Amino acid sequence: MAIRTRTILASIGALAVVVAGGLAWMAAPPALEDKSPGFTGAADLALIERGSYIARLGDCVACHTEEGGAEMAGGRALETPFGIMRATNITPDPKTGIGDWSFAEFDRAMRKGIAKDNHHLYPAMPYPSYARMTDEDMTALWAYMSQGVQPVEKANMPNGIGFPFNQRWGIGLWNAVFLQDEQFTPDPAQSDEWNRGAYLVQGPGHCGACHTPRGIGFQEVAMDETGRAGDRFLAGSVVEEWNAVNIRNLWTPDHMVQLLRTGQNNVSSAVGAMADVIEHSTQYFTDEDLMAMAVYMDSLPTDDVRPDLPPPEPGRDPAPVPETLFTTAGGLGYAQFCADCHRNDGQGVPGVFPPLSGNHVLSAEDPATLTHITLTGWKSVATDARPRSFYMPSFARLTDAELAEILTFVRQSWGGSAPAVTEKQLAQARRKLDPAIDSSTFQTPRIAALLDEPNADQLVMGMRLNAQTRDLLPDNVGNDMNCASCHLNAGTVAEGSPYTGVIAFFPAPQARAGREVTMEDRINGCFRRSMNGTALDETSEEMKAMVAYFDWMRNEHVAGDDVPGRGIGSVDTSLTPDPERGKEIYARQCAVCHGDDGEGIRDAAGQVIYPALWGDRSFNIGAGMARTYKAATFVKQNMPVALHDNFPLGQGGLSDQDAVDVAEYFTHMPRPDFPDKVHDWPDGNKPKDARY
């Protein structure tokens, strides 16, 4: 509802200016029709239940319920360029709601936008669409609103809308020109399913309120697919820095149903107001109604090319990785800040993070939604089918120039012929959205700056060896781990064992080895312990590239410096682990990325997305992550990702006890042995959580 407010209010103001003066007589409200609600006294339960479903079809809850407030009691603030509008109380409370309304007054408000006291409602309440509803549905809806909703005494809050938009007589003029007050008429040439879908889309669903372009009076240019402008119905619009995409023949009916039911399909995820629509409304529609809507939308012709969606079944070929991923600033920025979730090939993670290929957010001519998400973040819809929400943090901390390079890379790689995103577009969006910026003092190194160095090729190779270790060094990695499995975002995440300044502390004594170790020793320790592999030749070009990358990350730090974000934080080691509780936390927080049985997850081509946490393909018994408290410190700071909206990965968020419990559970699951363990701790000082 919020995203349609700007255009609708603008229409009011535009018309008010044009007709101000001698036409005010047109604003007089029509007389009430003598309508019977079809029942006297108390409605039967079946009618009320049907009305409850129709309220879902009309998305009443999302607009008329403020966060944390009573359902339908109003108060939700809608921010507009013209001020604040607040949703009204529509519970059957006789003092502050609609409890003293008659059915005729309710019906007039729903169809003509005129309240009981004859004042005009702002068309942010989509009465032009509700006018198409049948009398039977309106009767059932009234039964529910008057007898099925809990009354709540809550006074309506005043709107903060200034002149001339607060002159409601202008809405009467708008109605006289643009309101088509007529009920839906089925098309006899179409099937019952098609007609049902058309009714739901045009009427209670009011899909056109957001997805149809606006005309000279900022009215919807078409209310259905017929007439001179019928080809523009549902053809897409840009409102409040969001793209309400063209939904004519957008996806197959099955894909559309999947999005409306779960908030995701295999090429997209709901964003903006559409997420609210799905959370509060469409997920509860019957399968038959969802398919009817999808069939109707699928039947509408469009000039847009429907994407060739990849088959979801296992066995397909791996998706290609863009050639410019490691050769451009935008590509390296993507590799650093985006690939941990959306992956190098842009395929995302099924059911978790949306793919980029075929995603209309990327391919839209206007990048409004893409810039909006990037600057303010995103949250997936919580539905019964997929109850957990996943977050994408705001990246407003990055400069407009950096974001323009990254988003342009993304659109050029997976957005078809979509034009580049400019710094000017991002600056304009930033001014309008005013996003909050992460205040962390940790200065995240920018991997794109590698291209400015004289040994850029070597440094980029070092970065790739961190992220693609098992693929580039198969003879040295014996499982499914990469360095980036622990060193997130190319080793640039605070308290995620970042590489910032780390080389300045080597050579350094190591208790486990009982001697001083070099940077090369430390790297090979990971190959042997964490990756179940073999040491890398210290004179090889690969080792030189990795060391060069770490040296670039020095950032002028010297041994003894207090490097912000260094290490993996701490956890209370006095806590007693509870592995049974840890198992429950694992199932709730970890399994979606690491598998129900710790086996990791793979894509349809068999490529590892996230690694195993136990079993033959996991890190071995000699790795630090196989120690309870060491693993818990990492988990507390860095896992799970996408749990909240903090930069850069939404990582961390478990309590110390949660982290200790889940670490105790997964560290003690079966994993490969480490034969060289007999040489560890030669001088004593073995940690209390060591497995041997």
Side-chain angles (χ1 to χ4, degrees), residues 326 332-341 343-344 440 442-448 450 459-473 476-477 479-506 508 517 519-533 536 542-543 545-555 557 563-569 593-594 600 608-613 618-619 623-627 630-641 647-652:
F326 301 112
L332 287 175
Y334 174 88
Q336 176 177 4
F337 292 110
C338 315
D340 280 3
C341 295
R343 303 167 57 209
N344 286 348
S440 168
F442 179 73
Q443 295 301 313
T444 305
R446 302 295 203 266
I447 303 306
L450 295 176
L459 293 172
V460 170
M461 175 54 69
M463 186 276 293
R464 293 185 62 183
L465 287 166
N466 170 81
Q468 301 172 292
T469 325
R470 63 172 174 261
D471 296 329
L472 299 180
L473 295 172
N476 301 91
V477 179
N479 57 20
D480 290 331
M481 295 289 173
N482 290 310
C483 299
S485 299
C486 294
H487 303 274
L488 307 175
N489 273 14
T492 64
V493 173
E495 297 189 312
S497 282
Y499 299 139
T500 307
V502 68
I503 200 171
F505 294 82
F506 287 90
V517 299
M519 188 78 248
E520 290 83 354
D521 290 331
R522 184 66 183 87
I523 292 171
N524 276 331
C526 276
F527 278 116
R528 294 170 56 249
R529 296 176 187 277
S530 298
M531 299 178 176
N532 302 330
L536 183 63
E542 290 83 0
M543 177 63 83
M546 296 184 80
V547 172
Y549 181 57
F550 294 142
D551 192 50
W552 180 83
M553 286 277 194
R554 179 192 297 269
N555 285 0
H557 287 295
V563 181
R566 182 169 179 248
I568 53 176
C593 288
H594 292 289
V608 174
I609 299 177
Y610 295 126
L613 288 190
S618 176
F619 52 82
M625 284 293 287
R627 290 171 46 196
K630 184 70 174 289
T633 57
F634 178 84
V635 168
K636 177 190 172 185
Q637 298 298 140
N638 299 286
M639 295 290 146
V641 298
F647 178 86
L649 286 167
Q651 77 279 13

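What you see is a predicted model, and the numbers here were worked out from it, not measured in a lab.
Among all heavy-atom pairs drawn from Phe442 and Pro498, the shortest one is CZ-CB, 4.2 Å. Across all their heavy atoms, Ser530 and Asn479 have their closest contact at O-ND2, 3.1 Å. Between Glu495 and Asn638, the shortest heavy-atom distance links the atoms O-ND2, 2.9 Å. The two residues Asn489 and Asp340 come nearest to each other via the heavy atoms N-OD2, 2.9 Å. In this structure, Val608 and Arg470 approach most closely via the heavy-atom pair O-NH2, 3.2 Å. Considering all non-hydrogen atoms of both residues, Thr469 and Phe527 come closest at CG2-CE2, 3.7 Å.
Counting only heavy atoms from C-beta outward, the side chains of Ile568 and Lys630 approach each other to under 4.5 Å. A 4.5 Å side-chain heavy-atom check between Met553 and Thr492 finds at least one atom pair inside the cut-off. Between Cys483 and Met546, the closest side-chain pair of non-hydrogen atoms falls below 4.5 Å. Side-chain contact between Arg446 and Phe337 is present, with heavy atoms from C-beta onward closer than 4.5 Å. In this structure, Leu472 and Glu542 have side chains that are not in contact, with every pair of non-hydrogen atoms separated by 4.5 Å or more. Contact of the Met639 side chain with the Leu488 side chain is registered, since non-hydrogen atoms from C-beta on lie closer than 4.5 Å. With a 4.5 Å cut-off on side-chain heavy atoms, Phe326 and Leu332 count as touching. Looking only at side-chain heavy atoms (C-beta outward), Ser440 and Phe647 stay at 4.5 Å or farther from each other.
With sequence neighbours excluded, the residues satisfying side-chain contact (heavy atoms from CB on, under 4.5 Å) with Ser485 are Met481, Asn482, Pro611. Residues that satisfy the salt bridge (Lys or Arg N to Asp or Glu O under 4.0 Å) test with Arg529, not counting sequence neighbours, are Asp680. Listed by chain and number, the residues in a side-chain hydrogen bond (donor to acceptor under 3.5 Å, both in side chains) with Tyr499 are Asn466 (sequence neighbours excluded). Considering only residues two or more places apart in sequence or on other chains, Asp521 meets the salt bridge (Lys or Arg N to Asp or Glu O under 4.0 Å) condition with Arg515. By the salt bridge (Lys or Arg N to Asp or Glu O under 4.0 Å) test, Arg522 pairs with no residue at all, sequence neighbours left out. Residues satisfying the side-chain contact (heavy atoms from CB on, under 4.5 Å) criterion with Val563, sequence neighbours excluded, are Thr500, Phe505, His557, Asp561, Arg566.
Rounding to the nearest 0.5 Å gives a distance of 5.0 Å between CZ of Phe550 and CE of Met519. Atom-to-atom distance recorded for Asn524:CG and Asn476:CG is 8.0 Å, nearest 0.5 angstrom. Atom CD1 of Ile447 sits about 3.5 Å away from atom OH of Tyr549, to the nearest 0.5 Å. Rounded to the nearest 0.5 angstrom, Gln443 CD and Asn555 CG are separated by 9.5 Å. Atoms CE and CD, from Met461 and Gln468 in turn, are 8.5 Å apart once rounded to the nearest 0.5 Å. Residue Leu473 holds its CG atom at 9.5 Å from CE of Met543, rounded to the nearest 0.5 Å.
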Before giving the answer on side chain to side chain contact (heavy atoms under 4.5 Å, CB included), spell out for Phe619 and Asn532 the whole-Å C-alpha distance, their side-chain angles and the decisive distance to 0.1 Å. CA-CA 6 Å; Phe619 52 82; Asn532 302 330; 5.6 Å; no
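The backbone N or O of Pro445 lies less than 3.5 Å from a partner atom in the side chain of Gln336, making a donor-acceptor pair.
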